[in-house]
Amino acid sequence: MPDPSAAKTPRVRFAPSPTGYLHVGGARTFIFNWLYARHNHGTLVLRLDDTDLERNTEASVQSIFSGLRWLGLSWDEEYKQSERLALHRRQAEAIFAKGLAYRDFTPAHADSGEHSSSQGAWLFNPGMRELSLEESDRRAASGEPFALRYRVPRGQGRTLRFTDAVYGEQSKLADEVEDFALLRSDSMPTYHLASCVDDADLRITHIIRGQDHLTNTFKHLALFEALGVQPPQFAHVPLLVAPDGAKLSKRRHGPVVSVTTYRDAGFLPQAFVNFLCLLGWSPKDDREFLTLDELTAAFTLEAVNRANAVVNFTEDDPFDPKAVWLNAEHIRALAVDELSPRLQPFFAAAGLHPSPEELLAVTPLIRERIKLLRDAVSAADFFFLPQLAPYDPAELIPQKGDAALAIRVLQTALEVLATTSFDHDSLDHALRQAAQSLGLKAGQMFQPIRVAVCGRKNAPPLFETMAVLGRDLCLARIRQAEASLQSLVS
RNA sequence: GUCCCCGUCGUCUAGCCCGGCCUAGGACACCGCCCUUUCACGGCGAUAACACGGGUUCAAAUCCCGUCGGGGACGCCA
């Protein structure tokens, strides 16, 4: 029998609930959905699952949208569950009318505790499932609040089954599924109801979501049946877990799981996407660096793993080293004129405002030296600082030398630089010759100049740096350095 | 507790479905060497894993059973 969903072009959905910022696990689920949709020329639906009035916030909605926009992956349709309440309620009533659900008048929150701990799983509230329709109607009419529960077909030896695209054949006895709620006592739909009703109504063909929903799927199977529709295909993806093995959570792990943390630290979205894809999925060859196009071409659900993946962050280092490495790779893969403008906001945040031209000149000197975009500031601030940050004059002293030697180097440099043209080759030639005439190794000559000009020992290549800085600034800084050395000798 | 899922280097993974080519491959991180005006890039190299126990087989990381370990679900949260 042909699979009805296989013929249609796929429709997938990402359905975050706006109860907090977009976190890395959610981002990855979104990316997998996006990749699946694009790979198969299907449609990606973004649906805000905002049926929990208590916990939803507008700030979360904004945070999710800005996170998604930053990723740069677009969706095709957009819905909000809160605008579809009428449909949810209508379907709940239809299910009730078919006798597949019942009213539960047990007060909310009255039953916590006693079943979870000792006597096994909770299945239903005593008395409510068997309430006669007459009494149920009477109590409802009298205004007594109730939740609507799905009447799981228990006691018939039924087995609920589905084939997960990632986890394979799944089955569970219906007797082990609890009577989950469809409507709350305030008549708001629950997640299960709203989700299934919308998935059916939006004609979703493939549900790609976190593995934490694997067991919920049995409830959804029953619900789709109650709704009278074929269930979509399911594909559960392994969870992203913290180094301690627990599933990533905003509450326990804090801002390190927020995508804005990555964005603000200077991850490139394409690197972030690349990294996330490699957690729980691989192209099955040795590629690690993949562009979006390559990811799209290579992505299949069959290649998704089943084991949870650890995001390797620590207290003092919030980012997985592999994510950082991939980011550095993507930075290096960027053309200078693409990279340069992306650096600008990070300088601005540090109070530095180089012109686009200045930044463009500096970018090639630091491109291979930064792992995160924000590193650009510490790597290149000296280009744009009118006054160098104070440093220890002892740094100016070269290997196997003393302050007097450093002074001699700088004085010689001052003379030579006064007449040398400030391009790489001229500087290289002039300074090497100067070193020779002083009887010094090149490094002994260059190091004091580097520190004088950059204010520190580790910096981009000297001649390119000086060429960008220009003669005036270089001479001024070298003079200043020489003066600071005088205090050391006297 | 009940049910579901998972278990290859520290981490991400290839290999597992279709046993032999696996003295288990790649990557990150770490360490060492080379390149080099510093840093970085790049190159080379080293350390490092089939959770355990049975079984099937001429042969098991690969198939079967069990044990242990980890995770998830069990909410009028999603």
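Residue numbering restarts at 1 for every chain, and letters A, B, ... go by the order of the sequence lines.
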Taking atom [atom1] in both [N] and [M], what distance in whole Å separates the two?
{"N": "C17(B)", "M": "C35(B)", "atom1": "C1'", "result": "47 Å"}
{"N": "U8(B)", "M": "C52(B)", "atom1": "P", "result": "11 Å"}
{"N": "G70(B)", "M": "G25(B)", "atom1": "P", "result": "29 Å"}
{"N": "C18(B)", "M": "G75(B)", "atom1": "C1'", "result": "45 Å"}
{"N": "A27(B)", "M": "A49(B)", "atom1": "C1'", "result": "15 Å"}
{"N": "G20(B)", "M": "A78(B)", "atom1": "C1'", "result": "49 Å"}
{"N": "C31(B)", "M": "G54(B)", "atom1": "C1'", "result": "40 Å"}
{"N": "U13(B)", "M": "A48(B)", "atom1": "C1'", "result": "15 Å"}

Stepwise salt bridge (charged side-chain N to carboxylate O under 4.0 Å, His left out) test for R90(A) and E93(A) = CA-CA 5 Å; R90(A) 205 185 319 132; E93(A) 276 158 29; over 6 Å; no
Please check if any side-chain donor atom of [X] sits under 3.5 Å from a side-chain acceptor atom of [Y], or the reverse.
{"X": "N125(A)", "Y": "D104(A)", "result": "yes"}
{"X": "Q447(A)", "Y": "R450(A)", "result": "yes"}
{"X": "S426(A)", "Y": "D423(A)", "result": "yes"}
{"X": "Q411(A)", "Y": "E415(A)", "result": "no"}

Do R139(A)'s NZ or CZ and the ring of F146(A) fall within the cation-pi criteria of under 6.0 Å and 45°?
->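 The answer is no, since R139(A) fails at least one limit relative to F146(A).
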Starting at the 5' end of RNA chain B and moving along, which residue's nearest nucleotide shows up first, Y167(A) or T190(A)?
->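 Result of the comparison: Y167(A).
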Would you say [X] reaches [N]'s phosphate, i.e. side-chain N/O to OP1/OP2 under 4.0 Å?
{"X": "R456(A)", "N": "C39(B)", "result": "no"}
{"X": "Q170(A)", "N": "C5(B)", "result": "yes"}
{"X": "N216(A)", "N": "A78(B)", "result": "no"}

Would you list the pairs meeting salt bridge (Lys or Arg N to Asp or Glu O under 4.0 Å) in which at least one residue belongs to [range], sequence neighbours left out?
{"range": "residues 319-328 of chain A", "result": "E288(A)-K322(A)"}
{"range": "residues 232-246 of chain A", "result": "D244(A)-R252(A)"}
{"range": "residues 427-440 of chain A", "result": "D428(A)-R432(A)"}

Atom [atom1] of [X] and atom [atom2] of [N]: how far apart are they, to the nearest Å?
{"X": "L431(A)", "N": "U38(B)", "atom1": "CG", "atom2": "C1'", "answer": "14 Å"}
{"X": "I449(A)", "N": "U38(B)", "atom1": "CD1", "atom2": "C1'", "answer": "13 Å"}
{"X": "R47(A)", "N": "A78(B)", "atom1": "CZ", "atom2": "P", "answer": "12 Å"}
{"X": "I331(A)", "N": "A40(B)", "atom1": "CD1", "atom2": "P", "answer": "16 Å"}
{"X": "N274(A)", "N": "C12(B)", "atom1": "CG", "atom2": "P", "answer": "16 Å"}
{"X": "D317(A)", "N": "U11(B)", "atom1": "CG", "atom2": "P", "answer": "16 Å"}
{"X": "N312(A)", "N": "C9(B)", "atom1": "CG", "atom2": "P", "answer": "14 Å"}
{"X": "E178(A)", "N": "C76(B)", "atom1": "CD", "atom2": "C1'", "answer": "13 Å"}

Review item, side-chain donor-acceptor pairs of residues 207-214 of chain A, under 3.5 Å, at least two apart:
residue : atom : partner : partner atom : Å
R209(A) : NH1  : T217(A) : OG1          : 3.1
R209(A) : NH1  : H236(A) : NE2          : 3.2
R209(A) : NH2  : Y191(A) : OH           : 3.4
R209(A) : NH2  : H220(A) : ND1          : 3.0
D212(A) : OD2  : K247(A) : NZ           : 3.2
H213(A) : ND1  : Y191(A) : OH           : 3.4
H213(A) : ND1  : N216(A) : ND2          : 3.2

Does any residue of residues 284-292 of chain A have a heavy atom under 4.0 Å from RNA chain B, and if so, which ones, in number order?
-> K284(A), D286(A), E288(A)
Every protein N/O within reach of nucleotides 30-37 of chain B N/O, cut-off under 3.5 Å:
residue : atom : partner : partner atom : Å
U37(B)  : O2   : R450(A) : NH2          : 2.0

For D164(A), what residues pass the salt bridge (Lys or Arg N to Asp or Glu O under 4.0 Å) criterion, not counting sequence neighbours?
->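 For D164(A) there are no salt bridge (Lys or Arg N to Asp or Glu O under 4.0 Å) partners, ignoring immediate neighbours.
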Salt bridge (Lys or Arg N to Asp or Glu O under 4.0 Å) partners of K371(A), counting only residues at least two apart = none
Pair H330(A)-F267(A), ring pair (Phe, Tyr, Trp, His ring centres under 6.0 Å): steps then yes or no = CA-CA 9 Å; H330(A) 277 92; F267(A) 274 85; over 10 Å; no
Using a 4.0 Å heavy-atom cut-off across all strands, classify [X] as base, sugar-phosphate, or nothing.
{"X": "A459(A)", "value": "base"}
{"X": "T51(A)", "value": "sugar-phosphate"}
{"X": "P243(A)", "value": "nothing"}
{"X": "R55(A)", "value": "base"}
{"X": "H192(A)", "value": "base"}

Could R13(A) and D198(A) be called an ion pair, given the rule that one side-chain N must be under 4.0 Å from one carboxylate O?
-> no
Tell me which donor-acceptor pairs under 3.5 Å the side chains of residues 436-446 of chain A have, and how far apart each pair is, sequence neighbours excluded?
residue : atom : partner : partner atom : Å
S437(A) : OG   : A434(A) : O            : 2.7
Q444(A) : OE1  : K441(A) : N            : 3.0
Q444(A) : NE2  : Q399(A) : O            : 2.9

Ignoring hydrogens and angles, answer whether the base of C39(B) and the side-chain atoms of R369(A) contain a donor-acceptor pair closer than 3.5 Å.
->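 For R369(A), whose side chain was compared with the base of C39(B), there is a donor-acceptor pair (under 3.5 Å).
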For nucleotides 70-72 of chain B, list the nitrogen or oxygen atoms of the protein found under 3.5 Å from its nitrogen or oxygen atoms, one pair per line.
residue : atom : partner : partner atom : Å
G71(B)  : O2'  : N308(A) : OD1          : 3.1
G72(B)  : OP1  : K247(A) : N            : 3.2

Between the protein and nucleotides 41-51 of chain B, list the N/O to N/O atom pairs that are separated by less than 3.5 angstrom.
residue : atom : partner : partner atom : Å
C41(B)  : O2'  : E368(A) : OE1          : 3.3

Return the minimal non-hydrogen interatomic distance between L46(A) and P16(A), and the atom names on each side.
->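 Nearest heavy atoms, L46(A) then P16(A): CD1-CD, 4.0 Å.
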The residue among R154(A), R103(A), K219(A) that forms salt bridge (Lys or Arg N to Asp or Glu O under 4.0 Å) with D179(A) is R154(A)
Where do N or O atoms of nucleotides 67-69 of chain B meet protein N or O atoms at under 3.5 Å, pair by pair?
none

Report yes if the side chains of F224(A) and P232(A) come closer than 4.5 Å at any heavy-atom pair, otherwise no.
->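 Side chain of F224(A) against side chain of P232(A), heavy atoms only: contact under 4.5 Å found.
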